[in-house]
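Everything quoted here is computed from the prediction, not taken from an experiment. Heavy-atom basis, side chains included; hydrogens, waters and symmetry copies ignored.
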Amino acid sequence: MNRRATTTSVLRNKPIRQKLVFIAMATTAIALLVAGFSIVVADSLLFRLYLDRDLSALAKIVADNSTGALAFGDTDAADQILGALRARPHLAAACLYRTDGTLFARYLRDASSLCPVAVPREEITRTGKQITFTEPVMLKGAPIGTLMFSYDFVVISERVRFYGAIVIGVLLGASLLAYLLASRLRSLIETPISRLLLATTAVSKTGDYTIRAQKLTGDELGVLVERFNEMLEGIQRREGDLRAALVARDVALLEVRQERERFRFLAESMPQKIFTANQRGEVDYFNHQWFEFTGLPFSEIKDWGWTQFIHPDDLQGNVDSWKRSIETGEPFIFEHRFRRADGRYRWHLSRAHAMRNANGEITMWIGSNTDIHEQKEKEEALRRANEDLEQFAYSASHDLQEPIRNVSIYSEIVARRYHSVLDADGQQFLQFIREGGRRLSTLVQDLLAYTRASMADLTETPVESSAVLHKSLANLSEAIRETDAKITCDPLPRVYMGEAHLEQLFQNLISNALKYRSAERPHVHITAASRGALWCFSVQDNGIGIDPRYKDRIFGVFKRLHHDRDYTGTGIGLAICQRVVERYGGRIWVESQPGRGAIFFFTVPRFASSNRPEAVESVAG
């Protein structure tokens with residue numbers, strides 16, 4: 001086992017040509033050795049069998065010929081018979097014994113030869129280098145003596161040596177012939193392998209995958225060369241693709257670096273505070289505006305360290321909203337107060353949007369913090385001013401009612417008492433005073449209704465809009481009867497708003513539809529549809545319609561498109577509708593074409609504020 005391992009390890013690093021020669025010679029030698037050994041062994045066995053049969057037959061012949069000599073006691077004749085065995089040079093001794101075991105006659109090849117010990121029965125005995133044959137001498141079926149042969153085995157050894165020499169000679173000759181033949185034929189295997197080795201070495205040293213090995217044969221080596229060339233071609237193709245990918249990657253990395261530098265330059269140049277965060281919401285970049293505002297380095301405000309600057313009243317809502325955006329991927333929008341380095345809090349509007357990869361996965365967040373403190377102060381001042389203005393308008397309109405009522409009353413008294421005294425011009429002037437008083441009274445009443453709509457408290461009790469609609473129709477029953485209008489509606493939902501406000505909406509929109517009717521019989525249809533977190537109501541009529549150019553103007557206070565006597569009013573009804581809808585976070589708009597009627601839409605939240613989603617957007621059809 002160790003010898004075989006040693007041979008294998010020795011041959012492992014030898015050149016292929018030496019391996020091929022060794023294999024050819026070793027195979028030939030082993031085959032010849034096995035064949036020669038088999039021949040020698042077979043010959044020895046066969047020769048031994050032949051020798052046994054031959055000597056046994058010889059012993060019988062000599063025993064038969066010695067019967068007379070032994071029967072008559074003729075020793076000379078017996079010696080003569082045994083002496084004839086000199087023709088067998090390997091016969092060492094032939095001895096003839098009487099039945100009592102005494103020697104009668106013998107033949108000894110030389111002085112060193114001895115007669116074997118007499119054995120009364122027929123047998124063959126092999127001892128050492130000799131074989132002994134015992135053959136009884138019979139006369140009329142009765143033994144009268146015994147013949148014994150001693151034959152040397154040296155003849156077998158000589159035969160083995162002879163054939164062994166032949167085998168060795170043949171082995172040497174065949175080995176020489178195998179060596180010469182292997183030396184000539186090894187090129188059939190060695191040359192393709194050598195060429196393949198040269199090609200692989202060249203590719204390894206130069207890295208040039210365009211090199212190809214030459215195919216010289218059509219056998220397995222030829223197939224190996226083809227597969228090797230195919231492998232080189234595949235590597236060459238993949239190397240080209242890899243180089244192209246590397247170039248593209250380098251270009252992409254360069255573009256990313258450039259974009260990053262542009263982003264940082266832009267972020268550092270902006271007056272807003274800019275930040276970025278990873279997909280887990282941990283902030284990993286602030287621009288210098290942040291450091292100037294907080295007075296702290298990046299290491300103290302990164303990740304979630306920025307929360308230390310949030311006003312305590314805004315902190316929990318801010319963190320919850322930020323975490324919700326991280327979980328859902330929705331944009332982050334929040335107004336809160338940040339503490340400045342001097343300890344003062346300033347209002348900021350913070351926004352952040354998620355950046356996604358090609359698979360839609362969030363890779364980072366980019367956000368900004370805009371200082372809106374002055375805007376907040378202005379809004380608060382404007383809110384107070386609006387409240388004061390609304391209070392003033394309410395007070396003014398309320399206080400103006402008494403003088404206007406006096407004008408109307410006394411103009412009526414003058415008309416009754418001094419009707420016969422006034423001439424035609426006086427009568428006309430008095431009529432102007434009475435009509436102006438009525439119009440001024442109506443205008444003050446509408447202004448008072450508008451201010452009430454702006455100042456009334458918002459309520460979010462559940463209201464059945466169908467019931468409110470029927471109440472509004474009851475208030476308009478006289479106008480509906482006079483115009484012979486047809487009012488229809490679909491099932492309407494429950495809403496969370498003040499009943500009076502919803503009644504104002506229905507009453508103003510339906511009244512508007514009846515006022516601006518066409519020659520056809522008026523038909524008004526009211527519906528409602530779900531739009532996410534909103535209910536979208538629509539009031540559709542078949543009236544004269546509205547030019548789309550004026551679809552926004554009609555919602556202004558005291559804005560009218562018709563000033564003739566056919567369409568009375570101050571133009572404040574739609575303004576009241578807009579004010580009510582906006583106070584509940586909704587929107588109102590109109591879709592119309594002249595002569596084709598109009599559809600007024602308005603939206604209100606589906607839920608009470610405690611259950612309402614934070615972001616509610618109106619849908620404008």
Side-chain angles (χ1 to χ4, degrees), residues 209 230-231 233-291 298-310 314-336 338 348-370 530-534 606-607 611-621:
Y209 294 104
E230 290 174 0
M231 180 183 68
E233 183 178 357
I235 294 175
Q236 180 185 359
R237 184 169 57 254
R238 285 192 293 272
E239 183 189 30
D241 296 340
L242 180 60
R243 290 183 183 276
L246 290 175
V247 171
R249 187 201 64 176
D250 293 340
V251 172
L253 289 176
L254 179 60
E255 292 177 352
V256 168
R257 285 195 294 270
Q258 292 174 347
E259 290 296 329
R260 185 178 299 167
E261 291 300 323
R262 281 196 289 267
F263 168 77
R264 289 188 178 275
F265 178 77
L266 180 63
E268 297 297 334
S269 303
M270 293 181 67
Q272 287 92 350
K273 302 170 186 63
I274 306 298
F275 68 92
T276 63
N278 58 26
Q279 64 271 25
R280 298 183 300 275
E282 300 166 346
V283 178
D284 52 18
Y285 168 75
F286 289 107
N287 67 346
H288 75 283
Q289 298 287 355
W290 258 95
F291 307 137
F298 175 75
S299 59
E300 295 188 29
I301 60 176
K302 66 178 183 178
D303 296 335
W304 293 84
W306 52 270
T307 56
Q308 62 184 296
F309 303 103
I310 306 298
D314 306 332
L315 179 59
Q316 190 60 47
N318 187 169
V319 173
D320 292 344
S321 180
W322 179 232
K323 289 182 177 180
R324 183 162 51 251
S325 294
I326 294 170
E327 293 174 358
T328 63
E330 297 177 353
F332 170 75
I333 302 175
F334 201 81
E335 290 186 4
H336 46 173
F338 280 124
H348 285 73
L349 173 61
S350 296
R351 299 174 180 266
H353 291 268
M355 290 188 64
R356 302 176 184 272
N357 57 21
N359 297 325
E361 300 170 342
I362 296 177
T363 57
M364 64 179 297
W365 290 81
I366 299 179
S368 64
N369 311 98
T370 304
S530 175
R531 301 280 183 92
L534 302 169
R606 292 183 60 185
F607 311 101
N611 300 321
R612 191 178 304 163
E614 292 187 7
V616 177
E617 297 181 1
S618 297
V619 181

> Hey, what do you get for NE2 (H353) to OG (S368), rounding to the nearest 0.5 Å?
Replying inline: 8.0 Å
> Where do G281 and W322 come nearest, in terms of heavy atoms and distance?
Replying inline: O-NE1, 3.3 Å
>> Test your reading of the model: is there a side-chain donor-acceptor pair from T328 to the backbone of R324, 3.5 Å cut-off?
In response: yes
> Minimum heavy-atom separation for F298 to V283, with atom names?
Replying inline: CZ-O, 4.4 Å
> Is the closest basic N to carboxylate O distance between K323 and E327 below 4.0 Å?
Replying inline: no
> How many angstroms lie between CZ in F309 and CG in D314, if you round to the nearest 0.5 Å?
Replying inline: 15.0 Å
> Which class fits the ring pair F286 and F275: parallel under 30°, tilted 30 to 60°, perpendicular over 60°?
Replying inline: tilted
> Measuring from Q308:CD to L315:CG, what's the distance to the nearest 0.5 Å?
Replying inline: 11.0 Å
> If every non-hydrogen atom of A354 is compared with every non-hydrogen atom of G329, which pair is closest and at what distance?
Replying inline: CB-O, 4.3 Å
>> Restricting to non-hydrogen atoms, name the atom on E330 and the atom on W365 that form the minimum distance, rounded to 0.1 Å.
In response: O-CH2, 3.5 Å
> Considering all heavy atoms of both residues, which atom of N287 and which atom of K273 are nearest to each other, and what is their separation?
Replying inline: OD1-CA, 3.6 Å
>> Using the side chain to side chain donor-acceptor pair (under 3.5 Å) criterion, which residues pair with E335? Sequence neighbours excluded.
In response: K376
> Would you find more than 12 non-hydrogen atoms of other residues, nucleotides or ligands less than 6.0 Å from R351 atom CZ?
Replying inline: no
> Between S325 and P331, what is the shortest heavy-atom contact and its length?
Replying inline: OG-O, 3.6 Å
>> Once you measure the plane-to-plane angle for F334 and F332, does it fall in the parallel (<30°), tilted (30-60°) or perpendicular (>60°) bin?
In response: parallel
> What is the distance from atom CD1 of I310 to atom OG of S350, rounded to the nearest 0.5 Å?
Replying inline: 7.0 Å
> How long is the gap from OG1 on T276 to CE on M355, to the nearest 0.5 Å?
Replying inline: 10.5 Å
>> Let me confirm one number: the CG-CD1 distance from N278 to I362, rounded to the nearest 0.5 Å.
In response: 11.0 Å
> What pairs with W290 under side chain to side chain donor-acceptor pair (under 3.5 Å), at least two apart in sequence or on another chain?
Replying inline: N369
